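None of the values given here were measured: they were computed from a predicted structure.
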Amino acid sequence: MNPLLATMGTKLTERWLNLLVLPGALFLAVAAAGTELGHRRWHDLDRLRTTLDELAARPAMDRTGTAVLLVAGALLAGAAASLAAQFLGSAIQLYWLRSARDPLSYALVDRRRRKWRRRDGELEAAFRRATPLAAEDGEGVTVTPRSERRIQALTAARDRVAVREPVRPTWYGDRMQAAADRVHAAYGMDLAALWPRLWLILADPTGQQIRSVRTSFDAAARLTAWAVGYALLAFWWWPAALIALGCGVVGRSRARSALDSLAELIEAAVDVHGRELAERVGLVGTDSTGLLRHETGDQMSELFRKAD
């Protein structure tokens, strides 16, 4: 028991340091340095060094109790900043995944839909130019490498807007909506009602992989939240804007990659374990074979939604 408790304590301490103390301490250090230097002397390291020397030379700094209080205060302040970033990260996730329920969101959907349709039209035109009508003898047509690269580039440009025609204000919401639409089209299942039940029967390797990807998405949202914090510091020290820009770009890239992987894993879990769930609830016999039928998916959705 003692080795187990020691191991758990080590992991909790490491997690506390990585998630709360270190990011918050770095933010506070940048805030203190930026406040001291300002815009005009943003690169004056000598001034910063002099300020640190003056603080260290104060008589109170020679006392052990004062040093302990300063370290404890810095740790608490860093943890508080990290908790604020986590809270803001959760709000950013809700903003990314929101539905269109207000005039601004509807306007964003319309703008993204027009952009998606324009790029989809460019893709169709490029595909028509690259693949002319087949010959009467039935032989297949070939696509030149240059045309193929052009089609791939246009496909990637369209998918950066949305995988399917946009129905939500952001790419993130559309990506999850596309997963739900594909599951419904293939099996007749309501993914929102299905997923909590399916999650309960997933084996540990599958569940661990999904949790890992979701953790990556959470971390990307927190990094975006830190970008907001550093952007605020830029009002006192303009180099913080560069840090904010870097955090924002990396956070956005990681969030898109993580959410895309999460949507793929959720669809894969439905493909692989959807029939198993139908057997667990008694809608499919254990001796039956074949793919999960659309009618069974409709019955599962009706059952899970507790419809009358």
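Ile201 and Phe304 fall within a single hydrophobic cluster, where Ile, Leu, Val, Met, Phe, Trp and Tyr are joined by side-chain heavy atoms under 4.5 Å apart, directly or via other members. Residues Val167 and Leu259 do not share a hydrophobic cluster, clusters being chains of Ile/Leu/Val/Met/Phe/Trp/Tyr side chains in contact below 4.5 Å.
In this structure, Arg98 is positioned above the aromatic face of Tyr95, its NZ or CZ under 6.0 Å from the six-membered ring centre and within 45° of the axis.
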Under 3.5 Å donor-acceptor pairs involving side-chain atoms of residues 183-193, not counting sequence neighbours:
| unit_1 | atom_1 | unit_2 | atom_2 | d |
| --- | --- | --- | --- | --- |
| Tyr187 | OH | Asp271 | OD1 | 2.7 |
| Asp190 | OD1 | Ala192 | N | 3.3 |
| Asp190 | OD2 | Arg305 | NH1 | 3.3 |

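Between Trp96 and Phe217, the two ring planes are tilted [angle within 30° to 60°].
In the model, Arg222 has no side-chain atom that pairs as donor or acceptor with a side-chain atom of Gln86 under 3.5 Å. Of the N and O atoms on the side chains of Gln152 and Arg149, not one donor lies less than 3.5 Å from an acceptor on the other residue. In summary, the side chains of Ser105 and Asp102 do present a donor paired with an acceptor at a separation below 3.5 Å, with no hydrogens or angles considered.
The ring pair (Phe, Tyr, Trp, His ring centres under 6.0 Å) test applied to Trp236 returns no partner, not counting sequence neighbours.
Looking only at side-chain heavy atoms (C-beta outward), Arg118 and Lys115 come within less than 4.5 Å of each other. You'll find the side chain of Thr296 reaches within 4.5 Å of the side chain of Arg293, heavy atoms only. For the pair Trp238 and Leu233, the minimum side-chain heavy-atom distance is 4.5 Å or more. Put simply, the side chain of Arg113 reaches to within 4.5 Å of the side chain of Asp110, judged on heavy atoms. Here the side chains of Arg197 and Leu277 are in contact, with some heavy-atom distance below 4.5 Å. The shortest side-chain heavy-atom distance between Thr170 and Leu97 does not fall under the 4.5 Å cut-off.
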